[in-house]
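Convention: sequence-line order gives letters A, B, ...; per-chain numbering from 1.
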2 protein chains.
Amino acid sequence: MSPVYPSAQRKIACESCALYELCEPVAAGDRLLDLIEPQIRKDITLQPGETLVEEDLHANFFYAITSGSFKLTNRTLNGTQVTGFLFPGDLIGHEAQHRGQYAATAVALETSRVCGLAMEDLRHMLGNVHPLYQRLINLHARHAYLQFRQTRLIMPRTSAAGKLCAFLFDLHLRAEERGFDGSRLRLPMNRADIANFLGLTQETLSRVFSRLKRERILDVSAKHIQILQIEAIQKLASD
Amino acid sequence: MSPVYPSAQRKIACESCALYELCEPVAAGDRLLDLIEPQIRKDITLQPGETLVEEDLHANFFYAITSGSFKLTNRTLNGTQVTGFLFPGDLIGHEAQHRGQYAATAVALETSRVCGLAMEDLRHMLGNVHPLYQRLINLHARHAYLQFRQTRLIMPRTSAAGKLCAFLFDLHLRAEERGFDGSRLRLPMNRADIANFLGLTQETLSRVFSRLKRERILDVSAKHIQILQIEAIQKLASD
DNA sequence: TCCGTTGATTGATATGCGTCAAATTACTGA
DNA sequence: TCAGTAATTTGACGCATATCAATCAACGGA
């Protein structure tokens, strides 16, 4: 067997592509192919370092990688965070269907090729078929976006305070999105669960809580947290 | 404003629920409500510590949380890893539409209520409408599953070797899934990107590479990695 | 071929986190 | 209210990783 993705030039077979289900419907006789195939922009080529989509920009297309590779990055307060690596068969930007903005920047690591599909075209095709589709897709895209945020921006922090603050900031955002006061959090889980989630020990977690309390950034009383300085939290969350 | 999720008893409004788009279609006059609403199992109640769905078990239902909270966990070689926390409005188990098995175990952190929808019912409703739907949902569910695996099982490792091995093991799996030899990896990204991704410094990353090479677990030559002992990698990946 | 530049590895030291242990605080039920 | 237990915090110490710095290898252009 050959090594993985032996060269950027070698394309994967369409059968291995995440878009295959749309590009080449298997069920014989169904007319999806006629519907989708003409809309696909094939063989868009990117040079190493070139940006395909940019975080927070308006999302018009989503893509499937056919050869090469990409890194995903997100901006933080103190620099850039690499949030993933994508290979042939993976999708880029499809989660943007939820907010209409890309969740991350995608940069080609080598000469790479992608197929593109316009969100608008997809919406049209789906809209013509049944309104339920868009709802379901939105539901999935929303979940994917939240999952992405919850994980990729919390975990890679190097310091314990960074992890905890990123975690608290995520809870803050999620509370605000639900229309609650994001500065007053109730933590229904115990310290052991938080520590396990963050890849820390209970003791270290507890020490960080104590430190943030001592520095008047948080008010901690068991499962109830009051955020006193949200900017400080957000700043520490990038460490 | 009140604190977040002030008590487990307090339900969120249906408007805040991720399932709202299915439960209560906004567009007046469309008949989705008639289709979906009778299928929803409402107000299923769970006690603290009760398990709603279990990792790898056959997935019949997916759920939306209406009150309370859950933790997601996954089994690893040396114990249980907490992989997320979910609150009212979040979905549980919908990503299982891809493999037919739940990606994680969901345990109630407090007395909680959920609404459930049978995958089968959803498939039927959608199947009657258009075959394109299942394709799109599969595409999203597949991506969500891969994203979940790539992130939640790599990042919370405490040791540097654990992070790197979890990363390599993920690349290994992704290569095998594409029909390549997963023991020979080409890393198109540079060390700085990997280090940033894993929340390590370049130097530490390099030392771990050297150590694994010295211990004959890897063969490292710049961007080409040969995995000599995959079991050792998998074992270290749980540290 | 050689040099200049970038990327990767190795080294020395300080700091932060994990570990083991104890003390304190919160919770539960009688 | 109180006791008994679990959960959380605090303390002391060793080790792993970050930091700062130097060396080495890889690559591209003249």
Practice task
Calculate the interatomic distance between L198(B) atom CG and dT17(D) atom C1'; express it in whole Å.
Solution key: 14 Å

Completion exercise
dist T158(A):OG1 -> N196(B):CG (nearest 0.5 Å) comes out at 10.0 Å

Practice task
Taking the six-membered ring of F209(B) (Phe, Tyr or Trp), confirm whether the NZ or CZ of R191(B) is under 6.0 Å from its centre and within 45° of its axis.
Solution key: yes

Practice task
Please tell me which of the listed nucleotides, dT8(D), dT9(C), dT9(D), lies nearest to the side chain of N190(A)?
Solution key: dT8(D)

Fill in the blank from the handout: F209(A) atom CZ is separated from dT8(D) atom P, nearest whole Å, by 10 Å

Practice task
Can you check each nucleotide of nucleotides 11-30 of chain C against protein heavy atoms at under 4.0 Å and return B for base, S for sugar-phosphate only, - for none, in 5' to 3' order?
Solution key: BB----SBBB----------

Exercise for the section: Grab the CG-P distance between L218(B) and dT9(C) for me, whole Å please. Expected result: 12 Å

Problem - Rounded distance in Å - CG (L164(B)) to P (dA8(C)) - result: 14 Å

Problem - Flag side-chain contact, heavy atom, 4.5 Å: I44(B) against F61(B) - result: no

Practice task
May I ask you to decide whether E177(B) forms a salt bridge with R142(B), counting only side-chain N to carboxylate O separations under 4.0 Å?
Solution key: no

Exercise for the section: Give the rounded distance in Å between these two atoms: CG of N196(B) and P of dG7(C). Expected result: 14 Å

Handout entry: Separation of dA18(D) P from Q202(B) CD (nearest whole Å)
Key = 12 Å

Problem - Whole-Å gap separating C1' (dA6(D)) and CZ (R191(A)) - result: 14 Å

Exercise for the section: Please state how far atom CG in D193(A) lies from atom C1' in dT8(D), giving the value in whole angstrom units. Expected result: 14 Å

Practice task
Scan D56(B), T83(B), T80(B) and name whichever one has a side chain to side chain donor-acceptor pair (under 3.5 Å) with N74(B).
Solution key: T83(B)

Handout entry: pair F85(A)-L187(B): side-chain heavy atoms closer than 4.5 Å
Key = no

